[in-house]
Amino acid sequence: TPIGSARERFPIKFYLVAMLFIIFDIETVFLYPWAATYLSSGGMMLFNLVEMAIFVGILFVGYIFVWKRGAFEWE
């Protein structure tokens with residue numbers, strides 16, 4: 001015999017953390033093609049390094065913003 005209801009409610013924070021994981025996971029997928037072509041970029045290595053540093057910096061700022069807004073709190 002079943003115990004309880006089959007329809008449990010999940011908190012909104014669960015979905016928020018799941019969406020944030022998907023967003024940051026998809027953005028980090030862009031690191032793989034860059035890493036694969038970095039050494040073969042020739043004279044553009046410094047430019048590519050600065051470009052990726054800016055990209056990772058933007059990701060880090062987004063992560064800090066979400067963290068300060070309390071998206072990872074489970075209260």
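Note that the structure is a prediction, hence the values are computed from the model and not measured.
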[X] and [Y]: same hydrophobic cluster, using ILVMFWY side-chain contacts below 4.5 Å?
{"X": "Ile58", "Y": "Ile23", "answer": "no"}
{"X": "Tyr38", "Y": "Val56", "answer": "yes"}
{"X": "Phe60", "Y": "Ile26", "answer": "no"}
{"X": "Phe65", "Y": "Phe55", "answer": "yes"}
{"X": "Ile64", "Y": "Val66", "answer": "yes"}

When rounded to the nearest 0.5 angstrom, what distance separates [atom1] in [X] from [atom2] in [Y]?
{"X": "Trp34", "Y": "Phe30", "atom1": "CH2", "atom2": "CZ", "answer": "15.0 Å"}
{"X": "Tyr63", "Y": "Lys68", "atom1": "OH", "atom2": "NZ", "answer": "11.5 Å"}
{"X": "Leu20", "Y": "Tyr15", "atom1": "CG", "atom2": "OH", "answer": "15.0 Å"}
{"X": "Met45", "Y": "Thr37", "atom1": "CE", "atom2": "OG1", "answer": "10.5 Å"}

Check against side-chain contact (heavy atoms from CB on, under 4.5 Å), Met19 and Ile22: CA-CA 5 Å; Met19 288 188 329; Ile22 290 171; 5.7 Å; no
If every non-hydrogen atom of Thr28 is compared with every non-hydrogen atom of Asp25, which pair is closest and at what distance? OG1-O, 2.8 Å
Looking at every heavy atom in both Phe24 and Leu59, which two are closest together, and how far apart are they? CE2-O, 3.7 Å
